[in-house]
Amino acid sequence: MLQRPSSLQDLKVLFRSSHLCHRYLSSNTYFPCKPIMTTTATRSTAFESGCLYSHLLHSCNTLNSLKQIHSSLSTTGLIKQNPHLSAQIIIKYSKFGDPGSARSLFDVIRGSNSFLWNTMIRAYALGNHSIETIELYLLMRKTGVGPNNYTFPFVLNAYASRSSLFEGKMVHGDVIRTGFESDMFVEAALVDMYAKCGDTDDGWRVFDKMSKRDLVSWTAMITAYEQSEKAEESLVLFQKMQQEGFLADSVAMVSVASAVSQLGDVRRAQSVHGYIIRNGFLEDVFVGNSIIAMYAKCGNVEGARLIFDLMKERDGISWNSMLSGYTQNGQASEALLLFDQMQVLGVKPSPVTALIVVSSCAYLGSLHLGKKIHGFIINSKMGVDITLWNAIIDMYAKCGDLDSAIQMFNNSPQGERNVISWNVMITAYGVHGCGQEALKLYSQMQEQGIEPNHITFTSILSACSHNGLVSEGRKIFEDMRKLSVKHEVKHYACMVDMLGRAGFLDEALDLIMEMPSEPSDEVWGALLLACRIHGKTELGEFAAKNLFHLEPDHTGYYVLMSNIYAASSRWQDVGKLRQDMKSKGLKKPAALSVIEFGGVVHGFHTADNSHPQCREVYRKVEKMVVEMKMAGYVPDISCVLHDMEEEDKEHILNYHSEKLAVVFGIMKIEHGMPIQVTKNLRICNDCHSAFKLISYIYQRKIVVRDANRFHHFEGGSCSCKDYW
DNA sequence: ATAGGGTTAG
């Protein structure tokens, strides 16, 4: 039996130990329920008892014990007397994820005291239950309980999170009517609400009127501009804030770093980095993460990696930011290396991580790695949502494994398949030469009630384009009007590409002239490509003129035009274009073909001497050419767009990067396995006919992913049906 | 007694 403490002081000392609290309560000797309320010493005992419960609540750490304390308190009647205790319970319930119990208690004790209402609203806000927060606020108003400066920030937050501008403005009205419009907390919440609802102008009006601002209100406005992609304004405001004598904190720096990311300005990135170092904010994980993203978006991945390596503490976002930084900068293989390191260190990848890594594999076109990562995803039992699922379909398609893509598409989780899934699959069929299947999918999705969106139309139109389905494409372009999907520039580009490839150059040109907006470089580029295919020098010059005006530094267009000149032996014009490029410092991208073997990526340039086994490969090429010639192969020297002797032309054809890679594959990869090559440019005509023959003579499946599409060579023909 | 501003992927 415990001694009854003789004074309040003793009681408090005793209560410091939660362990004793429990015993004290359960002994039930000195605080029997009823006597408390009836003794003459009621007030002081009630107070003592309140202290006891308060301490108990403080140290309570399970939902069950909380419920016990709650019911014990209910019988004492204390719960109605002491709003402080009730508030503690309400908040605890919410922290344990049981806002329902909090609400039941609240409904029993609520009166006209704003404090309890605020507490309940806070409890909802704690668990991000914005609907309930809003409902309670409306009830509060209906009941006639006055909201105050503590109420509004919660309510505004709730509307902000739902982007409900109209309702948010109503609350703004309530703020003015109740006279809290000059409260700094309320004002900051208003700025933030307007920002999150996309109305920076009204946010600015509130901010501008503030008589006193602190760091939080400045940050709210800086973030508002940053989030609505007004990075310049955001940075100007940051400057002003400093002039007013405020030193930024880590929260402010995150927004500033994001603003710089949007601008992609390396010099400003460095100055932000400097500011952060000087003020020691790098300790903050949030700051580190946003600096990684900032450097990555400014094209300085090395800088990003430096920060990543220096960080004392990393969370999932740090890894994801670094991984996606590599991917954004075309360094997908670095991303995959980092992903390996992540596993070595035992860091658990999230579904977002998986999404980034899967898209890296798609970018690289590495089926080997893609399969490995898919296996990893399955084994890790992480939640695979439809976004990740779609990314995996896309990865298989881009890695040349159309069958796996189809299988994934057909098995997509029940009821979750969305418009993106269909778009991905339609694109996949399109680039793999299955135009009819793409069309079938396009009508199937509509039968199933999925509305095609603007991306669906780029997918299906480019599928028509790749497969020469002109009349179908024209019809679909018309369909868009019926389905009230706007014709965007990219759709025109697809149409011009489709018509142009098929030889309807006049119709393509007419379409360009009819465009409601200015034709983009993609549109003219599609026309230029068509001119290259069909040898239309003059029209090509016209397209090129527009292109050189729109994109003076785009190497690809110079190369295309110079190829057109070369095809008609206008070597002088070729020379002139080369001169132009040289004076602009533009270089023709070197052809590169890669093939995976033994877990290593082998790359070949044209007439490459750098590969350790190049001599062997060259010997094999020459031997194969002899065999192919016996089977009727005639080298297509029109593919050599240099002014040289015919014999040299034939010679150089043998050393095209894709031939070297494919022959390397034939030498190394066991018979029966497909040979998969990825080339950074379009496959050349001669290589294309050579591969058809090789697939027949040597009975090998060859898959080439070029800059535009896939070519599956098998039994003497290609999936593109020679239309590409 | 209770409150306002933050990073990645798409």
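Order of the sequence lines fixes the chain letters, A, B, ..., with proteins taken first and strands second; residue numbering starts at 1 for each chain. Hydrogens, waters and symmetry mates are skipped; everything else that's a heavy atom, side chains included, is used.
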With heavy atoms under 4.0 Å as the rule, sort A:Asp214 into base, sugar-phosphate or nothing. base
Could you list by number each residue of residues 173-184 of chain A showing a heavy-atom separation from DNA chain B of less than 4.0 Å, or answer none if no residue does? A:Asp183, A:Met184
Using the six-membered ring for Trp and the full ring for Phe, Tyr or His, decide whether A:Phe185 stacks on the six-membered base ring of B:dA3 (centres under 5.5 Å, planes under 30°). yes
Check this for me: does any side-chain nitrogen of one of A:Glu181 and A:Arg205 sit under 4.0 Å from a carboxylate oxygen of the other? no
How does protein contact run along nucleotides 5-10 of chain B, one letter per nucleotide 5' to 3', with B for base contact, S for sugar-phosphate only, - for none, heavy atoms under 4.0 Å? BBBBB-
In terms of side-chain heavy atoms, does A:Lys230 have a donor or acceptor partner in A:Thr200 at a distance below 3.5 Å? yes
Between P of B:dG4 and CG of A:Asn148, the distance in whole Å: 13 Å
Under-4.0 Å salt bridge between A:Lys490 and A:Glu488: yes
If a pair satisfies side-chain hydrogen bond (donor to acceptor under 3.5 Å, both in side chains) and one of its residues is in residues 370-379 of chain A, list it, with sequence neighbours excluded. A:His374-A:Tyr396
Should A:Lys312 and A:Glu283 be marked as a salt bridge (Lys or Arg N to Asp or Glu O under 4.0 Å) after you check the CA-CA gap, both sets of side-chain angles, and the distance that decides it? CA-CA 7 Å; A:Lys312 287 202 184 102; A:Glu283 306 279 316; 2.8 Å; yes
So for atom CD, which belongs to A:Glu416, do other residues, nucleotides or ligands contribute more than 12 heavy atoms lying within a distance under 6.0 Å? yes
Using a heavy-atom cut-off of 4.0 Å across all strands, would you classify A:Phe152 as base, sugar-phosphate, or nothing? nothing
From CG (A:Leu138) to OG1 (A:Thr133), nearest 0.5 Å: 10.5 Å
Testing the 3.5 Å rule here: is there a donor-acceptor pair between the side chains of A:Asn300 and A:Asn329? no
Quickly work out the A:Ile121 CD1 to B:dG4 P distance and round it to whole Å. 12 Å
